[in-house]
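The structure appears below as structure tokens.
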Amino acid sequence: MEMLVVKIDSKKNSSFLKKLLLKFSFVLEVKSTTSEDVHSVPEKINVAGSLNKFSDLSKMKNEKAVWEKVILEKHGTY
């Protein structure tokens, strides 16, 4: 079983979303919590976004140029 945590900006939107989710047959339960309870859920980090700052665009361009050269030599066009 999976659990999905969603942060909602207002009680009105929370109520609307709760009613909407309960219409789906695969949703078993919808719980409302306060902002204090949310802090107990560990924050997820997007690993791809974190690693992106370490990428070197010049190396990516060089690699692309090398592959284009290989394709050109092998097939005559790219």
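Note that this is a predicted model, so its numbers are computed, not measured.
A single hydrophobic cluster is seen to contain both Phe26 and Val6, as judged by linkage of ILVMFWY side chains at heavy-atom distances under 4.5 Å, directly or through other members. By the rule that hydrophobic residues join a cluster once side-chain heavy atoms approach within less than 4.5 Å of another member, Leu20 and Leu4 end up as members of one cluster. One hydrophobic cluster, built from ILVMFWY side chains closer than 4.5 Å, cannot hold both Leu22 and Leu28; they sit in different ones. Phe24 and Ile8 fall within the same hydrophobic cluster, defined by Ile, Leu, Val, Met, Phe, Trp and Tyr side-chain heavy atoms under 4.5 Å apart, directly or through other members.
Of the inter-residue distances, the one linking Glu68 atom CD with Glu73 atom CD reads 12.5 Å to the nearest 0.5 angstrom. Distance OG/Ser15 to NZ/Lys12: 10.0 Å, rounded to 0.5 Å.
The two residues Leu21 and Val30 make their nearest non-hydrogen contact at CB-CG2, 4.1 Å.
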